[in-house]
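Okay, so here's the structure we're looking at.
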Amino acid sequence: MRIRRWLAASAAAMLVAAVPGAATAGTSTRDEPYRPQLHFSPERNWTNDPNGLVWYDGEWHLFYQYNPEGTQWGNMSWGHAVSRDLVHWEELSLAIPRSTDEHIFSGSVVVDEKNTSGFGRPGAPAMVAVYTSWYPATGIQAQSLAYSTDRGRTWTKYAGNPVLDLGSREFRDPKVFWDTKSGRWTMAVVRATEHKVSFYGSADLRSWSHLSDFGPANAVGGVWEVPDLFELPVDGDPQHTRWVLIVNLNPGAVAGGSGSQYFVGDWDGTTFTADNVVNGEAEPPAGTLFADFEDGYASWTVENDPVLGPGPFGSGPYPGTVPGQQQVSGFRGRALVNSFLGFDAPRGRMVSPDFTLDRGYLNLLVGGGAHPHLPGTTTDFVPAGAEPVIGFELPDGQTYEQAGWTATGGLRDRAPVVGPARWERGHVGDKLLTTFFEADSTTGTLTSPGFTINRNHLSLLVGAGGHLDAGARTVVELLVDGQVVRTATGNFSGFMNWRSWDVSEFRGRTAQLRIVDENTGGWGHLLVDHVIATDEAVLPRSVETAVNLVVDGQVVRTATGTDSERLDWVGWDVRDLAGRRAHLEINDFNSGGWGHILVDHVMFADRPAQSELDRFDWLDHGKDYYAAVTYNNAPGGKRVAIGWMNNWQYAGTIPTAPWRGAMALPREFALKTIDGAPRLVQEPVAQLTSLRGAGPAFTVRDATVRPGVHDLPPAADGTVLEIQAEFELRDAHRFGLQVRGGGEDRTLIGYDAGAGRLFVDRTRSGQVDVGPLFPGVHSGPLSVDGNRVRMTVYLDRSSVEVFGGAGQTTITDQIFPAATSDQTRLFAEGGEVVVRSLTIRPLRSVWR
């Protein structure tokens with residue numbers, strides 16, 4: 001039946017139906033805002049990579065990188081949790097703590113059944129951890145051992161550590177397994193910056209011999225980390241097996257930042273040979289060329305920053321690599337737009353002539369910095385009409401106390417400093433306030449003299465640390481009558497940007513500014529300058545290096561580089577803009593690291609161009625699946641994996657407390673023949689079905705969804721759900737689900753029929769100011785099976801995990817909506833789609 005008729009028939013029921021969702025709050029301490037109810041997260045503090053995944057004596061062991069002393073990365077030790085069903089976890093005491101001279105980085109655990117190491121005894125094998133030691137005094141990374149004879153509850157470090165030391169600072173993350181083919185222990189370990197996986201063999205886990213190396217290959221945009229090597233049957237045939245090598249990459253993944261790629265091939269006991277190494281450049285589809293920059297800028301308009309000289313774009317396209325720049329590649333012909341002229345300092349813009357969008361796709365080559373366009377930013381350096389309130393142009397040698405400030409701690413007797421060039425810090429004038437003294441070891445406060453609030457908004461430039469944790473803050477506070485009424489902090493960047501406060505309720509009152517630095521770790525300082533009063537809020541400065549498609553003055557599509565000098569294809573779907581007039585803007589407003597943009601070969605076409613990264617094989621096409629590794633010794637020969645559900649681009653700023661970091665759901669891997677080649681497919685482990693039953697399931701069958709967004713009954717709503725959907729294609733361009741809706745919040749999970757891609761759109765998913773690279777649409781290829789698209793979604797309080805088809809494509813993304821945003825809807829764009837089946841089940845919390 002058609003969805004509108006079904007909705008009308010259900011209206012009365014909708015008025016009285018109870019709204020199921022996550023379990024009601026109980027006495028559990030794991031019920032904080034954004035606390036995962038399906039996924040493992042430690043009770044408190046920072047966690048990242050899963051380590052030492054091993055099944056032993058009925059328990060699934062999960063070790064993980066852990067900071068026992070705070071919610072930021074540091075003090076790396078091994079945390080520990082165990083489970084009997086991969087769903088409910090018991091967090092145990094710290095397994096392997098760091099010491100002053102050794103931090104405990106990632107690694108693996110094996111059960112030494114044959115007692116080859118001598119750490120166990122007959123009938124009581126030892127669990128042996130092979131981990132990376134990082135020595136702070138030298139920066140060296142080497143491989144070491146620890147062992148346990150009490151089921152992993154206590155650990156003893158081997159007296160002969162390290163057991164493998166190359167004297168390298170980039171040699172880490174050993175994954176060890178018993179290789180029945182060679183009859184020895186095998187280690188896969190990365191030489192991170194060389195983009196190599198090195199293989200070693202050992203008879204006793206103590207002495208290791210080099211066997212071979214693999215790489216570089218496929219994605220090499222960042223360091224290689226956390227490798228894994230294992231064998232799987234193809235299509236379930238135990239007589240036909242292939243080997244899989246997982247290599248995690250940061251940055252440079254398909255969705256940007258951190259991600260996990262994989263290779264399928266052969267392991268002969270000594271050497272891994274991959275079948276799916278991609279060579280050669282991707283060719284774009286045929287189309288109409290708009291700009292190739294071979295004959296100058298033609299009718300493009302070039303605008304340059306009037307303060308910083310001739311600007312980044314020069315008088316014409318540049319023939320390749322600018323002197324002082326890393327090698328530029330991936331462009332076509334002789335020349336390209338390269339805003340590295342003047343290095344990263346100058347700022348400017350190029351604007352194309354107007355054109356009509358008369359083809360379905362706009363394809364272009366883009367490289368350079370990963371600084372995206374963000375709505376709600378400005379290109380003005382200082383807003384017009386601003387009234388100075390506090391400045392820092394004090395006479396040379398005059399301290400803050402002499403200027404009427406009150407100082408405490410290590411900020412006593414300090415004075416403003418002369419900043420570097422304006423483009424490097426973004427300050428106004430010559431001087432600025434900094435708390436960076438004695439290499440971040442200085443702490444204290446600075447409190448300004450009183451001033452009167454006489455306009456509706458106060459704004460200030462803030463940079464450096466973004467710490468909000470009590471006892472380790474780097475914050476600027478606005479005090480009224482001695483009470484903190486507003487706060488601001490930096491964004492872990494040396495470039496300062498505007499923070500604006502609405503203070504209309506305090507007009508006519510006396511206020512003070514207090515600078516608080518309690519942090520001695522990384523970015524443990526603040527930069528502050530130019531406090532001003534305005535009638536309207538001051539927008540943050542744009543720091544983008546981006547190409548934007550502009551229609552009616554609005555940016556409707558945007559692309560940026562990946563912090564790489566290699567240009568890659570971007571394909572914009574512009575079918576919804578057919579017949580509209582538009583223009584392109586190439587913007588370089590960033591003067592920090594990777595503060596430039598590369599552009600070439602703009603074309604109109606009927607199909608999207610495929611990026612180089614899309615030609616590689618990825619475990620997950622979302623933004624938040626990294627450091628994925630599989631279990632040793634899993635029962636029944638299953639290959640079960642867990643990944644870290646986060647991204648190094650913003651891992652330290654996600655809005656969770658008192659913990660930071662969680663694990664993705666455990667998945668079972670398999671190899672399936674797709675398009676004539678074995679490819680990795682994955683499904684959530686079957687044990688997750690045990691969480692069903694928190695409420696009645698909501699179902700829809702054979703309903704036609706017309707263009708638009710359609711509410712479902714309250715029985716479909718919730719914040720912790722399992723959703724199984726099967727759509728039959730009609731003429732809709734895009735269709736799918738909206739989840740965690742409410743107010744302005746919504747996360748889209750859908751299918752783009754024209755592009756053949758499964759996607760998650762989290763641009764309006766709630767708190768998206770986690771970092772400039774957090775908002776986005778993440779997608780992966782998904783073929784249609786019999787004109788139908790199938791997907792399974794696991795929705796948690798701060799994440800979505802989507803499994804498309806028979807596990808062919810997965811997308812994992814964090815989201816941070818309001819707790820009240822729990823609506824589920826259906827949508828279709830450009831036509832109709834049929835919902836053949838939709839089942840939505842509320843799930844129980846794993847913590848109760």
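No hydrogens, no waters, no symmetry mates; every other heavy atom, side chains included, goes into these values. Owing to the predicted nature of the structure, the values given are computational and were not obtained by experimental measurement.
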[atom2] on [Y] to [atom1] on [X], rounded to 0.5 Å:
X      : Y      : atom1 : atom2 : value
Glu544 : Thr560 : CD    : OG1   : 8.5 Å
Asn646 : Lys623 : CG    : NZ    : 11.5 Å
Leu598 : Thr321 : CG    : OG1   : 9.0 Å
Gln724 : Thr792 : CD    : OG1   : 5.0 Å
Leu336 : Asp292 : CG    : CG    : 11.0 Å
Leu567 : Ser329 : CG    : OG    : 7.5 Å

Give a yes or no answer on whether the side chain of [X] reaches the backbone of [Y] with a donor-acceptor pair at less than 3.5 Å.
X      : Y      : result
Tyr361 : Arg607 : no
Gln814 : Asp624 : no
Ser258 : Asn647 : no
Asp228 : Thr630 : yes
Gln682 : Leu619 : yes
His371 : Gly593 : yes
Asp235 : Thr673 : yes
Asn787 : Leu729 : yes
His601 : Gly333 : no
Asp49  : Ala627 : no

Under the side chain to side chain donor-acceptor pair (under 3.5 Å) test, which residues partner [X], sequence neighbours left out?
X      : result
Tyr626 : Glu225
Asn248 : Ser260
Arg349 : Asn587
His733 : none

Check your understanding: Given Asp568 and Arg615, is the salt bridge (Lys or Arg N to Asp or Glu O under 4.0 Å) satisfied, shown in steps?
Key -> CA-CA 11 Å; Asp568 199 3; Arg615 298 196 296 159; over 6 Å; no
For residues [X] and [Y], determine if any side-chain heavy atom of one lies less than 4.5 Å from a side-chain heavy atom of the other.
X      : Y      : value
Glu832 : Arg706 : yes
Gln610 : Pro781 : no
Tyr297 : Val337 : yes
Phe604 : Leu362 : yes
Leu539 : Thr377 : no

**Study point:** For Ser783, all residues meeting side-chain contact (heavy atoms from CB on, under 4.5 Å), sequence neighbours excluded
**Key:** Gln808
Point to revise | Counterpart residues, side-chain contact (heavy atoms from CB on, under 4.5 Å), relative to Ser765 (two or more places apart) | key: Thr747, Arg762, Val768, Phe774, Ile815
Practice item. Check the angle between the aromatic planes of Trp618 and Phe616 and answer parallel, tilted or perpendicular using the 30° and 60° thresholds. Key: tilted
Check your understanding: Parallel, tilted or perpendicular for Tyr751 and Phe735, by the 30°/60° rule?
Key -> tilted
Output all residues satisfying ring-ring contact (aromatic ring centres under 6.0 Å, His included) with [X], sequence neighbours left out; order by chain, then residue number.
X      : answer
Phe272 : Phe214
Trp572 : none
Phe293 : Trp300

Exercise for review: Would you check, one step at a time, whether the test salt bridge (Lys or Arg N to Asp or Glu O under 4.0 Å) holds for Asp275 with Arg242?
Suggested key: CA-CA 10 Å; Asp275 302 331; Arg242 301 297 284 163; 2.5 Å; yes
Please determine, by modelled atom types, if [X] and [Y] share a side-chain donor-acceptor pair under 3.5 angstrom.
X      : Y      : answer
Arg730 : Thr704 : no
Asp761 : Thr763 : yes
Asn590 : Thr545 : no
Thr273 : Asp266 : no

Heavy atoms only: give me the nearest [X]-[Y] pair and the separation to one decimal.
X      : Y      : value
Gly287 : Met603 : N-CE, 3.6 Å
His583 : Glu585 : NE2-OE2, 3.2 Å
Glu565 : Gln327 : CB-O, 3.3 Å
Val681 : Ala806 : CB-O, 3.7 Å
His778 : Ile811 : O-CD1, 3.6 Å
Leu773 : Ala370 : CD2-O, 3.3 Å

Please identify each residue that fulfils salt bridge (Lys or Arg N to Asp or Glu O under 4.0 Å) with [X], with sequence neighbours left out.
X      : result
Asp552 : Arg580
Arg359 : Asp606
Glu726 : Arg788, Arg790

Practice item. Output, in order, the C-alpha distance, side-chain angles, deciding distance and verdict of salt bridge (Lys or Arg N to Asp or Glu O under 4.0 Å) for Arg557 and Asp576. Key: CA-CA 12 Å; Arg557 302 289 187 275; Asp576 60 314; 2.8 Å; yes
Practice item. Could you tell me whether Arg667 sits above the aromatic face of Tyr625, with NZ or CZ closer than 6.0 angstrom to the six-membered ring centre and within 45 degrees of the axis? Key: yes
